[in-house]
Amino acid sequence: MATRVALVTGASRGIGAATAHRLARDGFDVAVAYASRGDAAKAVVGSIGALGRRAVPIRGDVSRPDECARIVVEAVEALGRLDVLVNNAGVYERALLDDTSPKAWDRRLAVNLHGAFYMAKAAVPEMKKAGGGRIVNVSTQLAFRGTSHGADYVAAKAGLVGLTRALALEFARDSILVNAVAPGAIETDILASDTPEDRARRIRTIPLGRVGRPEEVAAAIAFLVGPGGDYITGQVLHVNGGSLMT
Ligand code: NAP
């Protein structure tokens with residue numbers, strides 16, 4: 001049987017890099033897509049190679065449909081097929097409505113929401129050729145609870161949940177299963193600007209008493225694209241230490 005292939009966007013760092021590593025350990029060859037940090041992406045590719053799996057770095061801006069189409073073409077040319085797409089690339093900026101220009105709004109919606117649509121549009125025909133596939137969209141707990149300083153991010157990530165449900169219904173007959181994960185606070189560059197006070201406040205809202213690790217989100221994604229996810233589609237798996245209950 002041919003080795004299955006996963007394409008992970010935003011795989012140069014954080015949750016995406018952890019997911020690329022985890023899927024490689026689970027037996028996938030992996031396309032490591034990134035925006036600009038080629039050295040980081042190549043390091044991920046190198047460590048996947050050391051696991052005995054094939055990997056390829058692919059640069060591209062997911063906010064552009066032509067680049068998304070090219071990312072998929074390059075992944076299939078390099079690795080032979082496409083079975084799994086993880087739409088993980090995302091940007092967050094702490095911004096109040098007054099400080100958010102229409103241009104900034106458009107840009108953040110384009111990366112956080114439109115990119116998942118463009119990537120899915122390019123990937124689905126390849127998954128049909130492979131006889132089925134899995135798509136996982138990386139949303140956030142903020143899509144469910146909101147936040148007072150990131151309306152564009154919340155709107156885009158809530159949109160991803162709607163996209164997940166719609167695509168799950170549209171492609172169920174093609175054996176393409178589409179789910180989302182909704183992480184809580186996870187230790188990546190996104191939290192780097194936290195002050196100690198921010199950190200303490202954040203942790204007070206998390207029943208498990210700590211922020212999550214990228215590997216813990218990667219484990220949820222690996223579950224959804226592995227045999228455990230065979231009968232799961234259109235769902236959101238929350239990975240947040242219990243924080244949506246508080
Ligand atoms: P991160 O460490 O900031 O990494 C972001 C990744 O996205 C990088 O690989 C970056 O590539 C890539 N990227 C950014 N803009 C892009 C674009 N226009 N086109 C293609 N790739 C682009 O992020 P993270 O914390 O791991 O978050 C990953 C996902 O989880 C995001 O969707 C985020 O919204 C979501 N999430 C994160 C948290 C959290 O607390 N960390 C919580 C909930 C949800 P380069 O390295 O090349 O710049």
Side-chain angles (χ1 to χ4, degrees), residues 4-17 19-20 23 28-42 44-45 48 54-93 100-130 132-139 152-153 155-168 170-171 174 176 178-180 189 221 225:
R4 292 200 302 154
V5 172
L7 192 171
V8 183
T9 67
S12 45
R13 294 185 275 139
I15 293 168
T19 301
L23 295 185
F28 288 87
D29 289 339
V30 187
V32 174
Y34 68 100
S36 59
R37 299 193 196 193
D39 288 350
K42 283 179 195 131
V44 173
V45 165
I48 289 174
R54 291 188 303 161
V56 60
I58 304 178
R59 180 180 179 142
D61 180 349
V62 298
S63 71
R64 296 189 42 181
D66 54 335
E67 299 210 6
C68 292
R70 179 184 49 74
I71 290 169
V72 170
V73 167
E74 284 188 22
V76 172
E77 275 176 6
L79 301 173
R81 54 187 283 152
L82 183 61
D83 303 275
V84 167
L85 167 65
V86 182
N87 281 316
N88 165 78
V91 285
Y92 168 75
E93 270 178 53
T100 304
S101 66
K103 196 172 166 198
W105 172 277
D106 286 348
R107 171 72 192 157
R108 293 199 284 261
L109 264 285
V111 176
N112 288 322
L113 176 57
H114 304 176
F117 157 66
Y118 302 142
M119 288 300 303
K121 201 167 164 58
V124 159
E126 295 300 333
M127 291 180 178
K128 286 182 178 173
K129 282 185 213 160
R134 306 275 169 100
I135 299 175
V136 179
N137 295 318
V138 180
S139 181
D152 56 77
Y153 186 73
K157 293 290 190 176
L160 266 186
V161 173
L163 181 71
T164 299
R165 295 210 170 103
L167 295 185
E170 186 171 343
F171 295 110
D174 299 296
I176 298 171
V178 187
N179 292 288
D189 293 346
I221 294 170
V225 306

Under the side chain to side chain contact (heavy atoms under 4.5 Å, CB included) criterion, do Phe171 and Lys128 qualify, and how do the steps go?
CA-CA 9 Å; Phe171 295 110; Lys128 286 182 178 173; 4.0 Å; yes

Evaluate side chain to side chain contact (heavy atoms under 4.5 Å, CB included) for Asp29 paired with Arg81, printing each intermediate quantity in order.
CA-CA 10 Å; Asp29 289 339; Arg81 54 187 283 152; over 6 Å; no

Glu74 vs Val56, side chain to side chain contact (heavy atoms under 4.5 Å, CB included): CA-CA, chis, key distance, verdict
CA-CA 9 Å; Glu74 284 188 22; Val56 60; over 6 Å; no

Starting from the C-alpha separation in whole Å, work towards a yes-or-no answer on side chain to side chain contact (heavy atoms under 4.5 Å, CB included) for Val8 and Val32.
CA-CA 6 Å; Val8 183; Val32 174; over 6 Å; no

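A distance of 13.0 Å separates CZ in Arg108 from NZ in Lys157, rounded to the nearest 0.5 Å. Here Leu113 contributes atom CG and Asn87 contributes atom CG; the two are 10.0 Å apart, rounded to the nearest 0.5 Å. Here the straight-line distance linking atom CG of Asp174 with atom CE of Met127 works out to 11.5 Å at 0.5 Å rounding. Rounding to the nearest 0.5 Å places OH of Tyr153 at 12.5 Å from CG of Leu109. Atoms OH and CG, on Tyr92 and Asp189 in that order, are 15.0 Å from each other to the nearest 0.5 Å.
Checking side-chain atoms of Asp61 against main-chain N and O of Ala35 turns up no donor-acceptor pair under 3.5 Å. Of the possible polar contacts, none joining the Ser139 side chain to the Val161 backbone as a donor-acceptor pair under 3.5 Å is found. Arg134 places no side-chain N or O within 3.5 Å of a backbone atom of Ala6 that could act as its donor or acceptor partner.
Two residues are said to be in side-chain contact when any heavy atoms from C-beta on lie closer than 4.5 Å; Lys121 and Cys68 fail this criterion. Residues Arg107 and Val91 form no side-chain contact, since every pair of their non-hydrogen atoms from C-beta on lies 4.5 Å or further apart. At least one side-chain heavy atom of Ile221 sits under 4.5 Å from a side-chain heavy atom of Val138. The side-chain heavy atoms of Ile71 and Met119, taken from C-beta on, include a pair separated by under 4.5 Å.
Every residue two or more places apart in sequence or in another chain that forms a side chain to side chain contact (heavy atoms under 4.5 Å, CB included) with Glu126 is listed here: Val72, Val76, Leu82, Lys129. Partners of Lys42 according to the side chain to side chain contact (heavy atoms under 4.5 Å, CB included) rule, which considers only residues two or more places apart in sequence or in another chain, are Pro57. Evaluation of the ring-ring contact (aromatic ring centres under 6.0 Å, His included) rule for Phe28 yields no partner, not counting sequence neighbours.
Contact between Ala75 and Ile58 at its shortest, heavy atoms only, is N-CD1, 3.5 Å. Of all non-hydrogen atoms in Leu163 and Ala116, the two that sit nearest each other are CD2-CB, 3.9 Å. The shortest non-hydrogen separation linking Val44 to Ala11 is CG2-O, 3.6 Å. Closest approach of Gly90 to Asn112, counting heavy atoms only: CA-OD1, 3.1 Å. Nearest approach of Ala89 to Val62, heavy atoms of both residues: CB-CG2, 4.1 Å. The two residues Tyr118 and Ser63 come nearest to each other via the heavy atoms CE1-O, 3.4 Å.
Of the options Val124, Thr164, Val86, Val84, a side-chain contact (heavy atoms from CB on, under 4.5 Å) to Ile135 is made by Val124 and by none of the others.
Ion pair Asp83/Arg4 not flagged as a salt bridge, since none of the NZ, NE, NH1 or NH2 atoms sits closer than 4.0 Å to an Asp/Glu carboxylate oxygen.
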